[in-house]
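Here is the structure we will look at.
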There are 2 protein chains.
Amino acid sequence: MNGRFPIAMHIMTLLCASNESLLSSEYMAGSININPVLIRKELSNLLKHGLIISQLGKNGGYILAKPAKDITIAGIYQAVKPDAILGQAKNQPNPACPIGKEINSHLKNLDAEIEQVMLNKLGTTTLAEFCKKFE
Amino acid sequence: MNGRFPIAMHIMTLLCASNESLLSSEYMAGSININPVLIRKELSNLLKHGLIISQLGKNGGYILAKPAKDITIAGIYQAVKPDAILGQAKNQPNPACPIGKEINSHLKNLDAEIEQVMLNKLGTTTLAEFCKKFE
DNA sequence: TAATATGTAATAAAAATTATTACAATACAA
DNA sequence: TTGTATTGTAATAATTTTTATTACATATTA
């Protein structure tokens with residue numbers, strides 16, 4: 001996992017706290033202290049996942065696509081989740097080894113199980129609840 | 001998360017399947033298809049965590065430190081787990097922003113909760129059970 | 001029509017991961 | 001007691017991934 005989830009959470013929290021006024025990528029980059037282009041890339045992704053809405057042109061910016069009480073942390077995680085939460089080996093194991101031959105498929109199954117319990121847990125908190133912590 | 005967990009699992013599974021005969025780092029590197037020095041680094045770490053035992057010198061190698069039924073996947077994960085399973089932002093958020101100022105501590109709490117449910121789940125499977133899948 | 005945003009491509013810089021080389025220390029076996 | 005195979009680890013190089021920057025087309029408002 002890289003820094004995408006913290007960035008996505010930061011973006012969503014800012015938008016939640018903005019109380020439906022448009023925020024610019026420049027403003028959010030200032031809060032996160034990161035390059036505006038990277039933010040816009042993540043914003044593109046959140047947009048694609050239907051979590052936010054953008055408005056082009058002057059005075060444009062971003063707002064949440066729906067009420068924060070209807071967005072769960074799980075939904076945000078889904079938008080940025082890596083292929084394998086438990087990590088992926090870069091090299092193909094030796095197919096002549098009885099363990100090496102099969103291990104990737106077993107690890108993949110394990111990964112799917114873990115992702116499920118994570119999503120269950122992350123699904124119990126809404127963005128609105130998370131945002132309340134900042135009051 | 002990088003490739004350390006898959007490597008650690010591969011090592012532990014090989015040792016479990018070896019039925020208490022010593023395996024060399026060279027042999028394991030061949031199954032995993034990775035550089036022997038990297039394997040030895042991970043072996044050092046597993047050693048430090050008390051999961052395996054090494055024997056120096058000619059005909060040396062590695063074996064499990066205890067029966068595979070007494071080792072859980074959670075125990076293996078603990079040996080290689082990253083600081084933050086949900087990822088860490090590289091940059092310090094803007095302390096002048098009310099969200100930026102606090103978000104890291106809230107994300108850290110969230111991370112701890114998620115790690116706990118992961119460990120609970122990984123704790124329900126032993127290495128012996130995982131190893132049985134390969135029969 | 002000027003100004004201010006989003007959206008995105010191309011590229012550069014930095015950081016992290018993985019691989020390699022080298023060699024000391026140890027223990028077995030002939 | 002000497003040669004050999006193995007662990008253990010440091011130093012360095014190569015590769016890959018992540019993050020930052022530059023540039024600019026497109027859209028919208030005033």
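Here is the naming used below: chain letters follow the sequence lines, and residue numbers restart at 1 for every chain.
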Would one find a side-chain N or O of [X] under 4.0 angstrom from OP1 or OP2 of [N]?
| X | N | answer |
| --- | --- | --- |
| B:Ser54 | D:dG8 | yes |
| A:Ser24 | C:dA5 | no |
| B:Ser44 | D:dT9 | yes |
| B:Tyr62 | D:dG8 | yes |
| A:Asn2 | D:dT18 | yes |

Side chain of B:Ser25 only, please: which of D:dT21, D:dT7, D:dA11 is the nearest? D:dT7

Atom [atom1] of [X] to atom [atom2] of [N]: distance rounded to whole Å?
| X | N | atom1 | atom2 | answer |
| --- | --- | --- | --- | --- |
| A:Ile7 | D:dT19 | CD1 | P | 6 Å |
| A:Ile32 | D:dT19 | CD1 | C1' | 14 Å |
| A:Leu38 | D:dT21 | CG | P | 9 Å |
| A:Glu26 | D:dT22 | CD | C1' | 14 Å |
| B:Arg40 | C:dA25 | CZ | P | 16 Å |
| A:Asn91 | D:dT16 | CG | C1' | 12 Å |
| A:Asn45 | C:dG7 | CG | P | 12 Å |
| B:Glu42 | C:dA19 | CD | C1' | 16 Å |

Pick base, sugar-phosphate or nothing for A:Leu43, based on heavy-atom distances below 4.0 Å to the nucleic acid.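 The residue A:Leu43 makes no contact with any strand.
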
Contact class for B:Ile39 vs. all strands (heavy atom < 4.0 Å): base, sugar-phosphate, or nothing? nothing

hydrophobic_cluster_shared for A:Leu38 and B:Leu86, side chain cutoff 4.5 Å: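 Shared cluster, yes.
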
Starting from A:Phe134, can I reach A:Tyr27 by hopping between I/L/V/M/F/W/Y residues whose side chains sit under 4.5 Å apart? yes

Between protein and nucleotides 27-30 of chain C, what N or O pairs are separated by less than 3.5 Å?
unit_1	atom_1	unit_2	atom_2	d
C:dA27	N3	B:Lys58	N	3.4

I'd like to know if the side chain of [X] reaches the main chain of [Y], judged simply by a donor and an acceptor atom lying under 3.5 Å from each other, with no hydrogens or angles considered.
| X | Y | result |
| --- | --- | --- |
| B:Asn94 | A:Asn33 | no |
| A:Ser21 | A:Ser18 | yes |
| A:Glu129 | A:Thr126 | yes |

Between the side chains of A:Glu102 and B:Lys133, is the shortest nitrogen-to-carboxylate-oxygen separation below 4.0 Å, so that they form an ion pair?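 So B:Lys133 does not pair with A:Glu102 through a salt bridge.
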
Could you check whether A:Asn109 and A:Glu113, counting side-chain N and O atoms only, form a donor-acceptor pair closer than 3.5 Å?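 Side chains of A:Glu113 and A:Asn109: no pair found under 3.5 Å.
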
